Amino acid sequence: MRYDLVIFDNDGVLVDSEPISNRLLAGYLTELGHPTSYEDSLRDYMGGAMHRVHDLVLERTGRRLPEDFDDVFHGRVFAAFERELEPVPGAVDVLEKLAADGVAYCVASSGSHERIRVGHRKAGLDRWFDDGRIFSSQDVGRGKPAPDLFLHAAGRMGVAPERCAVIEDSPLGVQAAVAAGMDVYGFTAMTPAAKLAGANRLFADMGELADLLAG
């Protein structure tokens with residue numbers, strides 16, 4: 001393995017949550033008078049922290065979202081996770097390989113700590129991630145595409161940025177990893193490859209990742 005730390009994005013990389021959360025986000029914004037399609041949500045918000053939703057809506061409409069927006073949205077998302085969420089195919093195999101090889105890994109997600117933990121529990125990934133391996137945009141001042149979250153995770157794990165590989169499936173996440181000075185592997189299962197063009201490598205099947213990282 002040529003890296004000392006593998007940093008995983010969470011939504012869409014470890015847990016198959018992007019279709020669920022973006023469907024619900026588009027629906028809720030539309031309910032509130034901000035017509036948003038599923039495709040709009042993927043384009044504008046996938047990979048971003050919740051403050052991005054608030055910022056873009058305010059910028060575009062001059063109106064603020066309700067104070068309880070995050071709580072209502074997360075309540076809907078968590079309920080849907082309980083019904084529908086699954087791990088991304090191949091994610092468990094990658095984690096098993098890294099653990100067997102003694103390679104450090106962690107998750108650095110735009111989602112809240114609660115969202116990460118709820119998703120991992122439902123998808124059966126919680127045994128792979130103790131508290132010391134979970135980092136959220138809540139931990140830093142700026143979420144992706146700023147590099148802060150990835151740099152924070154690497155610092156807490158004691159690894160220099162140039163020795164890190166980031167696994168991402170969103171343009172915002174790729175931008176953040178590049179800005180952090182880390183190699184980034186773009187997962188194209190849900191995102192067109194052209195939108196992840198800044199990545200060092202692109203791959204469409206999580207089963208390919210272990211070999212790519214070793215190469």
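Note that the structure is predicted; figures quoted are calculated from it, not measured.
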One thing to verify: whether [Y] and [X] come together as a salt bridge, which I'm taking to mean a side-chain N less than 4.0 angstrom from a carboxylate O.
X: Asp55; Y: Arg52; value: no
X: Arg117; Y: Asp131; value: yes
X: Arg115; Y: Asp11; value: yes

Below 4.5 Å, heavy atoms only, C-beta onward: do [X] and [Y] meet side chain to side chain?
X: Val174; Y: Lys195; value: no
X: Leu65; Y: Phe73; value: no
X: Phe187; Y: Asp9; value: no
X: Val107; Y: His120; value: yes
X: Phe135; Y: Ile7; value: no
X: Tyr45; Y: Leu56; value: yes
X: Pro161; Y: Phe150; value: no

Is the side chain of [X] donor-acceptor paired with the backbone N or O of [Y] at a distance under 3.5 Å, no angle test?
X: Ser109; Y: Ser136; result: no
X: Thr191; Y: Ser170; result: no
X: Lys122; Y: Leu85; result: yes
X: His152; Y: Asp148; result: no
X: Asp130; Y: Arg133; result: yes

Return a table of donor-acceptor pairs under 3.5 angstrom between the side chains of residues 196-209 and protein atoms on other chains or two or more places apart.
residue: Asn200; atom: OD1; partner: Val184; partner atom: N; Å: 2.8
residue: Asp205; atom: OD1; partner: Gly207; partner atom: N; Å: 2.8

Heavy-atom closest contact ([X] atom, [Y] atom, distance):
X: Pro66; Y: His54; value: O-CE1, 4.4 Å
X: Glu82; Y: Val118; value: OE2-CG1, 4.5 Å
X: Asp44; Y: Arg60; value: OD2-NH1, 2.9 Å

Residue of the set Val15, Ile20, Asn22 for which side chain to side chain contact (heavy atoms under 4.5 Å, CB included) holds with Glu18: Asn22
Atom CZ of Arg64: over 12 foreign heavy atoms under 6.0 Å: no
Heavy atoms from other residues, nucleotides or ligands near CZ of Arg43 exceed 12 (cutoff 6.0 Å): yes
Give, for atom [atom1] of [X] and atom [atom2] of [Y], the distance between the pair rounded to the nearest 0.5 Å.
X: Ile167; Y: Leu213; atom1: CD1; atom2: CG; value: 5.0 Å
X: Leu24; Y: Ser41; atom1: CG; atom2: OG; value: 9.5 Å
X: Met46; Y: Lys144; atom1: CE; atom2: NZ; value: 10.0 Å
X: Leu212; Y: Asp183; atom1: CG; atom2: CG; value: 12.0 Å
X: Glu86; Y: Ser17; atom1: CD; atom2: OG; value: 12.0 Å

Identify each donor-acceptor pair in which a side-chain atom of residues 29-36 lies under 3.5 Å from a protein atom, sequence neighbours left out, and give them as a table.
residue: Thr30; atom: OG1; partner: Ala26; partner atom: O; Å: 2.8
residue: Thr30; atom: OG1; partner: Thr36; partner atom: N; Å: 3.0
residue: Thr30; atom: OG1; partner: Thr36; partner atom: O; Å: 3.0
residue: Glu31; atom: OE1; partner: Arg76; partner atom: NH2; Å: 3.3
residue: Glu31; atom: OE2; partner: Arg76; partner atom: NH1; Å: 2.9
residue: Thr36; atom: OG1; partner: His34; partner atom: O; Å: 2.7

Single-linkage hydrophobic cluster, 4.5 Å side-chain cutoff, Val53 and Leu42 together: no
Cluster overlap Val13 with Val77, hydrophobic side-chain contacts below 4.5 Å: yes
Verdict with reasoning, Tyr105 to Phe129, per ring-ring contact (aromatic ring centres under 6.0 Å, His included): CA-CA 9 Å; Tyr105 64 88; Phe129 292 94; 5.4 Å; yes
